[in-house]
Undergrad: 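Dropping the structure in here first, questions after.
Computed from a prediction, not measured in an experiment: that's the story for all the values here. These numbers come from the heavy atoms of this one structure, side chains and all, not from hydrogens, waters or symmetry mates.
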Amino acid sequence: STASKGGNYLERSITLYKKAKEEGKDVSAFTNKLAASLAKQEEVLRRMAQKSSGNVEERLTTLAENVKKQGEAIQSAK
């Protein structure tokens, strides 16, 4: 689905971000873009969850919470 593709893209971005940061590269510009992307992903997942029910709603809410935690981790790593 589109949501899972977006999630996969963000996971790859986070992995590359962490690797670049560990290598001592300047990731400040990328940090802001990644944080904004994660915030948007969370927003979309929450809207989708509101329009869903049952297991789908639960799964989307869980995904949104995970994305939120990733965004918070990126923001605190600045």
Undergrad: First locate atom CD of Gln70, then atom CD of Glu72, and finally report the distance between them rounded to the nearest 0.5 Å.
TA: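 It is 10.5 Å, given to the nearest 0.5 Å.
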Undergrad: Are the charged groups of Glu22 and Lys18 less than 4.0 angstrom apart, N to O?
TA: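 Salt bridge absent between Glu22 and Lys18.
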Undergrad: Identify the two heavy atoms, one from Ala64 and one from Glu42, that lie closest to each other, and give their separation to 0.1 Å.
TA: O-CG, 3.7 Å
Undergrad: For the OG1 atom of Thr62 and the CG atom of Asn55, what is their distance to the nearest 0.5 Å?
TA: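 Atom-to-atom, Thr62:OG1 and Asn55:CG are 10.5 Å apart.
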Undergrad: For Glu65, is there an ion pair with Lys69 - N to carboxylate O distance below 4.0 angstrom?
TA: no
Undergrad: Within a reach of under 6.0 Å around CZ of Arg59, are more than 12 heavy atoms found that belong to other residues, nucleotides or ligands?
TA: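 Open: at most 12 neighbouring heavy atoms sit under 6.0 Å from CZ of Arg59.
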Undergrad: Find out if a path of hydrophobic residues (ILVMFWY) with successive side-chain heavy-atom gaps under 4.5 Å connects Leu16 to Ile14.
TA: no
Undergrad: Work out which heavy atom in Ser13 is nearest to a heavy atom in Leu34; give both atom names and the distance.
TA: CB-CD1, 3.9 Å
Undergrad: If you compare all heavy atoms of Ser52 against all heavy atoms of Leu60, which two are closest, and at what distance to 0.1 Å?
TA: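 Minimum heavy-atom separation between Ser52 and Leu60: OG-CD1, 3.6 Å.
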Undergrad: To the nearest 0.5 Å, how far apart are CD in Glu58 and CG in Leu63?
TA: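 Spacing of CD (Glu58) from CG (Leu63) equals 11.0 Å.
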Undergrad: Please evaluate residues Thr15 and Lys19 with respect to the criterion side chain to side chain contact (heavy atoms under 4.5 Å, CB included), reporting the C-alpha separation (whole Å), side-chain torsions for both, the decisive distance (0.1 Å), and the verdict.
TA: CA-CA 6 Å; Thr15 300; Lys19 183 178 179 184; 5.7 Å; no
Undergrad: So which atom in Leu38 and which in Val67 form the shortest heavy-atom distance, rounded to 0.1 Å?
TA: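 Minimum heavy-atom separation between Leu38 and Val67: O-CG1, 3.1 Å.
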